[in-house]
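Order of appearance sets the numbers: ligands from 1, and atoms from 1 within every ligand.
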Amino acid sequence: MESVKLHDKVFESYISEAQIDQRVGELGAQIGDDFRDVDMLSIGVLNGAFVFAADLLRAIPYEVECSFVKMSSYVDTHSTGVVSELIGLGESLEGRHVLIIEDIVDTGSTLRKFMETLRGKNPASVRIASLLLKSEVFDNAFPVDYVGFDIPNHFVVGYGLDYNGLGRGLRSIYRIVEG
Ligand code: XMP
Ligand code: MG
């Protein structure tokens, strides 16, 4: 599929299914090595990270516990800057090594808020895996330890990412065609 129309906007092919597959495999192997002998809890950030989390977990070569939180800051194609936590965490994090799984880190405000919440729960460590990073706009308030692809400041959809609810089921990533 070269381009798709979602609501009123057109998106063009950007990162292929094969490229994603290969990169997620690499990240899974690397994370697998780094967390091999520790008590790890991975936390996917809903909604967008559900596809990446599913593939990443299956690319890690041993069993990993996975939970989810739900955060939201985006309306239409722009961050509102106001981040709300809609579903919180049930698990104890005390002494555990946490891996946050995100679809995309844009300005970083969503994760900054979440990291503050996590700090109060005394995890042994917190690392972040994000499929995409917009390093041009990221505020660099924390390290993103595992990055799939560093992309320019384009609005993208597919592979879990949506434009007002649509596009999450696309197998590859598309970027908006402006104008
Ligand atoms: P911040 O700015 O808080 O944004 O780092 C992170 C969250 O905003 C969403 N987001 C996007 N969603 N295409 C999307 O479909 C994008 O290009 C995009 N940029 C940010 C996403 O939910 C992420 O967790
Ligand atoms: Mg997200």
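- Note on ring orientation: taking the six-membered ring where Trp is involved, the planes of His154 and Tyr14 are perpendicular (angle over 60°, cut-offs 30° and 60°).
- Checking Val137, Val156, Asp139 against atom 17 (O) of ligand 1, the nearest heavy atom belongs to Val156.
- If you check the side chains of Tyr62 and Arg36, you find no donor sitting under 3.5 Å from an acceptor.
- Aromatic ring pairs are classed by plane angle as parallel below 30°, tilted from 30° to 60° and perpendicular above 60°; the pair Phe11 and Phe155 is tilted.
- Ion pair Glu26/Arg23 flagged as a salt bridge, since at least one NZ, NE, NH1 or NH2 atom sits closer than 4.0 Å to an Asp/Glu carboxylate oxygen.
- Heavy-atom separations between Arg112 and ligand 1 are all 4.0 Å or longer.
- Residue contact check: His154 has heavy atoms under 4.0 Å from atoms 17 (O) of ligand 1.
- Ion pairing between Arg96 and Glu91 fails under the 4.0 Å rule for side-chain N and carboxylate O.
- For atom 6 (C) of ligand 1, the candidate residues are Thr110, Asp103, Leu46, Asp162; the nearest heavy-atom contact is made by Thr110.
- Ligand 1 has Gly108 within reach: a non-hydrogen atom of the residue lies less than 4.0 Å from it.
- Considering every non-hydrogen atom in both Ser67 and Leu89, the closest pair reads OG-CD1, 3.9 Å.
- Any N or O atom pair closer than 3.5 Å counts here, and Tyr163 shares no such pair with ligand 1.
- Comparing Leu161, Thr107, Leu166, Leu132 by heavy-atom distance to atom 12 (N) of ligand 1, the nearest is Leu161.
- The atoms of ligand 1 that sit less than 4.0 Å from any heavy atom of Glu102 are 24 (O).
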